[in-house]
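To keep things clear, I will list the structure first and then write my remarks on it.
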Amino acid sequence: MRIALVSRELHPVGGGGIGVAVAGMAAALSELAEVTVLTRSGLEDDYVRLRAEGALDWADDVRVAFVSDPGPGEVGSYYNHMHVYS
């Protein structure tokens with residue numbers, strides 16, 4: 001089984017409450033399925049650093065993929081950057 005979680009936050013890399021929940025769900029679900037977390041590219045540098053430091057104990061069992069943050073000119077007909085991201 002494969003599960004994808006999508007969130008702009010991923011604790012402890014970035015964000016607060018929802019990021020904590022996403023990391024916890026990813027870790028728990030990885031015991032039952034192949035889990036991928038899709039998150040914003042702005043978190044990638046911190047993710048790589050924290051993973052190298054061993055601070056992401058759940059990361060070995062969860063794939064994290066980074067999605068480009070929409071730029072100022074990419075909102076187009078969407079309401080805002082959050083709408084573009086979704």
Side-chain angles (χ1 to χ4, degrees):
M1 176 180 2
R2 293 183 182 144
I3 298 172
L5 301 173
V6 181
S7 174
R8 290 182 51 80
E9 298 182 5
L10 182 60
H11 181 76
V13 183
I18 196 76
V20 173
V22 170
M25 283 187 285
L29 290 168
S30 71
E31 296 179 14
L32 306 170
E34 185 179 315
V35 178
T36 300
V37 176
L38 299 165
T39 193
R40 60 189 186 92
S41 60
L43 301 179
E44 189 168 9
D45 290 343
D46 288 337
Y47 173 83
V48 170
R49 179 182 52 78
L50 288 169
R51 184 148 186 202
E53 293 172 359
L56 304 176
D57 57 350
W58 52 265
D60 290 338
D61 299 322
V62 175
R63 179 174 175 250
V64 177
F66 298 93
V67 178
S68 297
D69 291 313
E74 295 178 306
V75 173
S77 63
Y78 295 98
Y79 295 116
N80 57 42
H81 73 283
M82 295 295 285
H83 190 204
V84 173
Y85 189 82
S86 68

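Note that the coordinates shown come from a computational prediction; the quantities given were computed from them, not determined experimentally.
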Might you point out which heavy atoms bring [X] and [Y] nearest each other, and give the distance in Å?
X: R8; Y: R40; value: O-NE, 3.3 Å
X: I18; Y: E9; value: CG2-OE1, 2.8 Å
X: S68; Y: S41; value: CA-OG, 3.5 Å
X: P12; Y: L50; value: O-CD1, 4.0 Å

Seminar exercise, completed: Those residues at least two apart in sequence (or on a different chain) that pass side chain to side chain donor-acceptor pair (under 3.5 Å) with D60 are R51
Problem set entry | Contacts of D46 that satisfy salt bridge (charged side-chain N to carboxylate O under 4.0 Å, His left out) - sequence neighbours left out |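 Testing D46 for salt bridge (charged side-chain N to carboxylate O under 4.0 Å, His left out), a comparison that skips the adjacent residues, returns R49.
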For this session: First locate atom CG of L10, then atom CG of L56, and finally report the distance between them rounded to the nearest 0.5 Å.
Result: 7.5 Å
For this session: Kindly compute the distance separating CZ (R63) from CG (L38), expressed to the nearest 0.5 Å.
Result: 7.5 Å
Problem set entry | Residue pairs fulfilling salt bridge (Lys or Arg N to Asp or Glu O under 4.0 Å) with at least one residue in residues 12-28, sequence neighbours excluded |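 Residue pairs passing salt bridge (Lys or Arg N to Asp or Glu O under 4.0 Å), neighbours aside: none found.
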For this session: Determine which pairs satisfy salt bridge (Lys or Arg N to Asp or Glu O under 4.0 Å) with at least one residue from residues 17-27, sequence neighbours left out, and list them in order.
Result: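 Listed by first then second residue: nothing to list.
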For this session: Give a yes or no on whether V67 and L43 share a hydrophobic cluster (residues Ile, Leu, Val, Met, Phe, Trp, Tyr; joining criterion: side-chain heavy atoms under 4.5 Å apart).
Result: no
Exercise. Transitively linked via ILVMFWY side-chain contacts under 4.5 Å: V6 with V62?
Worked result: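 No, because V6 and V62 fall into different hydrophobic clusters, even though each may have its own neighbours under 4.5 Å.
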Contact list for [range], test ring pair (Phe, Tyr, Trp, His ring centres under 6.0 Å), sequence neighbours left out:
range: residues 11-39; value: none
range: residues 18-38; value: none
range: residues 32-53; value: Y47-F66

For this session: Using modelled atom types only, decide if a donor and an acceptor are shared between the side chain of T39 and the backbone of S7 within a distance under 3.5 Å.
Result: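 Yes.
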Problem set entry | Contacts of A52 that satisfy side chain to side chain contact (heavy atoms under 4.5 Å, CB included) - sequence neighbours left out |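 Scan of A52 (side chain to side chain contact (heavy atoms under 4.5 Å, CB included), adjacent residues dropped) gives none.
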Exercise. With sequence neighbours excluded, what pairs up with D45 under the side chain to side chain contact (heavy atoms under 4.5 Å, CB included) test?
Worked result: none
Can you list, pair by pair, the side-chain donor-acceptor contacts under 3.5 Å of residues 19-37, counting residues two or more places apart and other chains?
{"unit_1": "S30", "atom_1": "OG", "unit_2": "A27", "atom_2": "O", "d": "2.7"}

